[in-house]
Participant: 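Sharing a structure, written as structure tokens. Questions coming.
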Amino acid sequence: MFKCHVDAAECIPRTTSLSAKSLLSILGHPVFWVFVISLPFYLIGVRSLALCDNDAMYPQVAGEMLRTGDWITPRLDGVAHFDKPPLIYWLNALSLRVLGHTEASARIWPVLAACLTILVVGGIGASVYGKRAGWLSALVFSGCAGPYLYCRVIAVNADILLCFWTCLAILAYIKAIIEQDRHAGLWMQVMFACFGMAGLTKSLYGFGLPMVIIGLHALLSGRWRGFLCLRAAAGVVVAAVIVLPWHILVAMANPHFLWAYIVRENFQRLVGNRWPRDEFVSAPLFLIFTALWTFPWMGLLPQAVFRAFSRIRGTKWVESEDLLICIWFLFILGLFTISHDRLEYYSLPAIPAFAILLGKLWDDSLKVENRALRGYMALALGALAMILLLGAVAGWEILGPAKEEIFKFLETWWPYSGWSGVSAQMAVIQRMRIPTVVVLAGASIFVFSASVALLRSRPRLACALMIGIMAPIFIMANWGFELMVPFESSAPIVQILKRAGPVEAVVIREPHEYQWVSGMVYYAGRSVYVLKDQKVGDPTLDGDRDKRLLEPREFLKLWNSGKRVIFVYEIDEQAEISKLLGSEPARVLGGFGTRVVVENQVESDLPGRTPAIMQRPTSVKGFGRGSP
């Protein structure tokens with residue numbers, strides 16, 4: 001039966017005024033210190049890492065909201081842009097106002113959401129499994145690789161924010177319906193408010209995710225009657241007040257909104273008919289990535305899940321304390337296993353559920369009578385240690401003599417990655433070789449030591465060793481992405497543009513998705529034109545974007561207009577661009593990674609420079625870390 005743990009609420013500050021006693025209680029709680037210790041690691045690199053072109057969309061749209069004063073219609077380079085609801089843009093606008101035009105202003109909200117989720121996971125774990133399991137759940141989540149990478153290193157997106165709203169809604173459901181906390185009425189309103197905030201974060205999927213998880217549990221456990229009250233009716237009003245006004249106002253201001261936002265970005269994504277097609281991972285690969293996001297705990301994940309199902313079978317399952325947590329991760333994984341819109345990080349909202357089950361596993365291991373459990377855990381960690389050691393050996397080969405195979409793999413499975421094996425990218429891979437091998441070998445030693453500690457009935461030491469792995473790994477990940485991210489960002493290209501002096505027009509090749517123009521616009525601080533690519537162009541897009549899109553004949557007219565024009569394209573398009581320009585003058589200003597920067601003015605307006613017509617080598621192997 002689902003237990004009510006009275007002291008679980010200590011994990012989340014009470015709504016009543018804080019007395020000195022309650023403040024000391026919070027400061028002395030393990031979950032609070034997990035949050036405090038985690039925060040500096042999550043803040044590493046928020047200012048130093050450049051924004052990838054896709055991620056720059058968020059601060060760019062927010063900046064245009066600040067500049068125009070229009071908080072209803074999101075715009076990217078002046079064009080209405082309905083890929084995402086407005087909450088992440090509004091938050092970015094606030095941080096832009098406070099922190100200025102920096103990378104930190106874009107990353108601060110996902111970082112804060114991830115860190116606050118640590119607290120909420122602790123609260124859920126404490127309510128479901130007890131106080132000690134609660135803070136162990138928070139500890140496990142704080143060390144998971146997925147939330148860390150996707151809130152501040154790999155990408156800046158709304159999925160971590162959705163993760164927070166989902167967790168908070170589930171905690172509020174537990175307090176209001178299951179435990180019937182003395183502040184149940186307030187918790188009920190918090191739950192519905194989270195539904196609304198999730199809808200403003202990730203559209204229909206965001207609105208439905210916590211609602212379906214909670215609704216399924218309420219139906220299966222018979223707790224649906226708890227929603228037949230005035231509190232729930234008031235909660236529906238709260239959710240509607242949060243989520244409906246923006247949708248109504250933006251639909252009134254933009255006739256094409258409902259098609260672009262509801263049909264294209266939701267239903268067509270789900271069935272795989274959206275154009276251009278999203279990057280897509282297979283279902284098995286999606287599940288493998290899901291397990292990887294729980295690193296370093298993934299070796300224990302099968303045991304944690306198996307024990308949860310065993311507990312459900314061993315009791316009246318509709319009243320099992322594990323039912324809610326299992327519905328949580330099963331719904332998310334099941335939805336994206338059958339969906340045609342599946343990216344590797346879409347499973348992130350399921351990671352808190354896994355962290356709670358793993359927290360319960362560690363809590364059980366601390367009980368004296370569970371010697372057999374500690375043996376099974378030791379065996380799993382021993383196998384993980386061996387895998388890490390093999391990974392270190394393989395890394396020495398793959399990041400060394402066989403590094404070209406990495407680029408062949410990326411060109412086949414991730415053609416839009418921007419990693420094609422140019423000399424600068426080869427140098428980065430080579431530079432990462434020794435640190436990567438050292439970290440993997442060190443992690444293997446730590447995991448093996450944790451395995452030995454479990455065999456010697458010292459689970460506390462084993463848990464400390466496992467979480468201790470992540471400090472150097474987090475630092476290593478930040479260092480590695482500082483080397484890699486510039487190849488995914490327009491920041492280095494914009495430096496070449498700025499050194500070139502004043503220009504009247506900047507043109508870029510049409511990317512796979514229009515939102516990828518945001519990196520150039522954000523860092524250059526100006527609008528850009530986009531040369532249409534017939535292989536990419538979407539005839540179903542709203543006509544608003546035609547303001548920025550150029551047909552080849554329009555591009556050539558601009559190129560020969562007498563204005564100074566700079567054009568940026570990918571090196572593998574060299575033959576196509578040379579054919580387009582023909583005998584037209586073009587001087588190479590420089591390049592970075594796989595991108596080339598050329599201008600149309602050669603002799604008369606640039607005295608002292610030698611004319612050069614497309615002199616860069618056509619082979620990507622010859623294109624290094626370019627400079628003008």
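All residue numbers in this chain count up from 1 along the given sequence.
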Participant: Check Leu87 against Met197 and note the closest heavy-atom contact, atom names and distance.
Facilitator: CD2-O, 3.8 Å
Participant: So which of Glu103, Arg107, Met484 actually passes side-chain contact (heavy atoms from CB on, under 4.5 Å) with Leu49?
Facilitator: Arg107
Participant: Taking all atoms of both residues into account, what is the closest heavy-atom pair of Ala50 and Ser489, and its distance?
Facilitator: CB-OG, 3.7 Å
Participant: So, Gln574 versus Tyr569: side-chain donor-acceptor pair below 3.5 Å or not?
Facilitator: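 On atom types as modelled, these side chains qualify, holding a pair under 3.5 Å.
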Participant: Do any N or O atoms from the side chain of Glu64 and from the backbone of Val61 form a donor-acceptor pair under 3.5 angstrom?
Facilitator: no
Participant: Would you say that Val588 contacts Val597 through its side chain, given a criterion of any heavy-atom pair below 4.5 Å between the two side chains?
Facilitator: no
Participant: Let me confirm one number: the CD1-CG distance from Ile508 to Leu531, rounded to the nearest 0.5 Å.
Facilitator: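 One finds 10.0 Å between CD1 of Ile508 and CG of Leu531.
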Participant: Tell me, with the steps shown, if Lys202 and Asp83 meet salt bridge (charged side-chain N to carboxylate O under 4.0 Å, His left out).
Facilitator: CA-CA 10 Å; Lys202 286 284 284 187; Asp83 282 28; over 6 Å; no
Participant: How about Ile566 and Leu589: do any of their side-chain heavy atoms sit closer than 4.5 Å?
Facilitator: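 Yes; the side chains approach each other to less than 4.5 Å.
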Participant: Is the CG atom of Leu249 crowded by more than 12 outside heavy atoms at less than 6.0 Å?
Facilitator: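 Counting neighbours around CG of Leu249, more than 12 heavy atoms of other residues, nucleotides or ligands fall under 6.0 Å, so yes.
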Participant: Rounded to the nearest 0.5 Å, what separation is found between the CD1 atom of Ile496 and the OG atom of Ser490?
Facilitator: 10.5 Å
Participant: Donor-acceptor pair, distance only, cut-off 3.5 Å: does the side chain of Asn600 make one with the backbone of Ala586?
Facilitator: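 Side chain of Asn600 to backbone of Ala586, a donor-acceptor pair under 3.5 Å: no, none is there.
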Participant: Taking atom OH of Tyr529 and atom CG of Asp77, what is their separation to the nearest 0.5 Å?
Facilitator: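 With rounding to 0.5 Å, OH (Tyr529) is 10.0 Å from CG (Asp77).
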Participant: Under 6.0 Å between ring centres, would you say that holds for Trp293 and Tyr150?
Facilitator: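 Close enough - the centres of the two rings lie under 6.0 Å apart.
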Participant: Hydrogens and angles aside, do Ser105 and Arg97 bring a side-chain donor and acceptor to less than 3.5 Å of each other?
Facilitator: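 Result is no, nothing qualifies.
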Participant: Has Asp55 got a side-chain atom pairing as donor or acceptor with Leu51's backbone, closer than 3.5 angstrom?
Facilitator: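 The answer is no, because no donor-acceptor pair under 3.5 Å joins these two groups.
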Participant: Locate the shortest heavy-atom distance separating Trp479 from Arg431; write the atom from each residue and the value.
Facilitator: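 That closest heavy-atom pairing would be CH2-O, 3.7 Å.
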Participant: Mind checking whether Thr201 and Ile88 have side chains closer than 4.5 Å, heavy atoms only?
Facilitator: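 Side chain of Thr201 against side chain of Ile88, heavy atoms only: no contact under 4.5 Å found.
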Participant: Would you name the heavy atoms of Arg564 and Ala500 that are closest together and state the gap between them?
Facilitator: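 Closest pair (atom of Arg564, atom of Ala500, distance): NH1-O, 2.7 Å.
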Participant: Once rounded to the nearest 0.5 Å, what's the spacing between atom SG of Cys194 and atom CG of Leu171?
Facilitator: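 Spacing of SG (Cys194) from CG (Leu171) equals 9.0 Å.
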Participant: Is a donor on one side and an acceptor on the other found under 3.5 Å between the side chain of Thr117 and the backbone of Ala113?
Facilitator: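 Pair found, side chain donor or acceptor close to backbone of Ala113.
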Participant: Fit a plane to each ring of Tyr514 and His81, take the angle between them on a 0 to 90° scale, and name the class: parallel (under 30°), tilted (30 to 60°) or perpendicular (over 60°).
Facilitator: tilted
Participant: Going through the distances and angles, do Val528 and Val507 end up as a side chain to side chain contact (heavy atoms under 4.5 Å, CB included)?
Facilitator: CA-CA 6 Å; Val528 300; Val507 184; over 6 Å; no
Participant: Short question: side chain of Tyr42, backbone of Ser142 - any donor-acceptor pair under 3.5 Å?
Facilitator: yes
Participant: Side-chain contact, heavy-atom cut-off 4.5 Å: Leu43 with Pro40?
Facilitator: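 They are not in side-chain contact.
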Participant: Between Trp90 and Leu200, is there a side-chain heavy-atom distance shorter than 4.5 Å?
Facilitator: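 Yes, at least one pair of side-chain atoms sits under 4.5 Å.
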Participant: Fit a plane to each ring of Phe82 and Phe257, take the angle between them on a 0 to 90° scale, and name the class: parallel (under 30°), tilted (30 to 60°) or perpendicular (over 60°).
Facilitator: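 Judged by the thresholds at 30° and 60°, the geometry between Phe82 and Phe257 is perpendicular.
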Participant: Kindly give the heavy-atom pair with the smallest separation between Pro352 and Phe141, and that separation in Å.
Facilitator: CG-CE1, 3.7 Å
Participant: In this structure, which one of Trp297, Trp328, Phe329 forms a ring-ring contact (aromatic ring centres under 6.0 Å, His included) with Phe354?
Facilitator: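 It is Phe329; the other options fail the test.
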Participant: To the closest 0.5 Å, what do you measure between CG (Leu66) and CG (Leu94)?
Facilitator: 9.0 Å
Participant: For the rings on Phe555 and Phe567, is their centre-to-centre separation under 6.0 Å?
Facilitator: yes
Participant: Are any side-chain N or O atoms of Asp159 and backbone N or O atoms of Pro349, one a donor and one an acceptor, separated by less than 3.5 Å?
Facilitator: no
Participant: Taking atom types as modelled, is there a side-chain donor on Ser518 or Gln60 under 3.5 Å from an acceptor on the other?
Facilitator: no
Participant: Step by step, work out the side-chain hydrogen bond (donor to acceptor under 3.5 Å, both in side chains) result for Tyr261 and His247.
Facilitator: CA-CA 10 Å; Tyr261 180 79; His247 287 85; 3.2 Å; yes
Participant: Indicate, with yes or no, if the rings of Phe592 and Phe487 have centres closer together than 6.0 Å.
Facilitator: yes
Participant: Any heavy-atom pair between the side chains of Arg509 and Lys532 that's under 4.5 Å?
Facilitator: no
Participant: Does Lys563 offer a backbone N or O that forms a donor-acceptor pair with the side chain of Glu504 under 3.5 Å?
Facilitator: no
Participant: Between Arg433 and Trp396, is there a donor-acceptor pair closer than 3.5 Å when you use the side chain of the first and the backbone of the second?
Facilitator: yes
Participant: Roughly how far, to the nearest 0.5 Å, is the CG atom of Leu168 from the CZ atom of Phe164?
Facilitator: 5.0 Å
Participant: Run the numbers on Leu333 and Phe286 for side chain to side chain contact (heavy atoms under 4.5 Å, CB included), then give the verdict.
Facilitator: CA-CA 9 Å; Leu333 298 188; Phe286 173 77; 4.1 Å; yes
Participant: Please evaluate residues Met470 and Phe295 with respect to the criterion side chain to side chain contact (heavy atoms under 4.5 Å, CB included), reporting the C-alpha separation (whole Å), side-chain torsions for both, the decisive distance (0.1 Å), and the verdict.
Facilitator: CA-CA 9 Å; Met470 297 312 293; Phe295 182 85; 4.0 Å; yes
Participant: Between Trp109 and Leu91, is there a donor-acceptor pair closer than 3.5 Å when you use the side chain of the first and the backbone of the second?
Facilitator: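 Such a contact is found between Trp109 side chain and Leu91 backbone.
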Participant: Decide yes or no on side chain to side chain contact (heavy atoms under 4.5 Å, CB included) for Trp516 and Met57, but give the supporting numbers first.
Facilitator: CA-CA 7 Å; Trp516 293 358; Met57 172 184 71; over 6 Å; no
Participant: I need the minimum non-hydrogen distance between Ile242 and Gly196, along with the two atoms involved.
Facilitator: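 Closest pair (atom of Ile242, atom of Gly196, distance): CG2-C, 3.6 Å.
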Participant: Whether the side chain of Asp70 engages the backbone of Ile72 through a donor-acceptor N/O pair (distance < 3.5 Å, no angle test) should be reported.
Facilitator: yes
Participant: Taking the side chain as every heavy atom from C-beta outward, state whether Phe289 and Ser347 have any pair of such atoms under 4.5 Å apart.
Facilitator: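 With C-beta onward as the side chain, the pair stays apart.
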Participant: Report the relative orientation of the aromatic rings in Tyr205 and Phe336; use parallel for angles under 30°, tilted for 30 to 60°, perpendicular for over 60°.
Facilitator: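 Answer is perpendicular, since the angle exceeds 60°.
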Participant: Does the side chain of Leu343 reach to within under 4.5 Å of the side chain of Tyr346, using non-hydrogen atoms?
Facilitator: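 Answer yes - side chains close enough.
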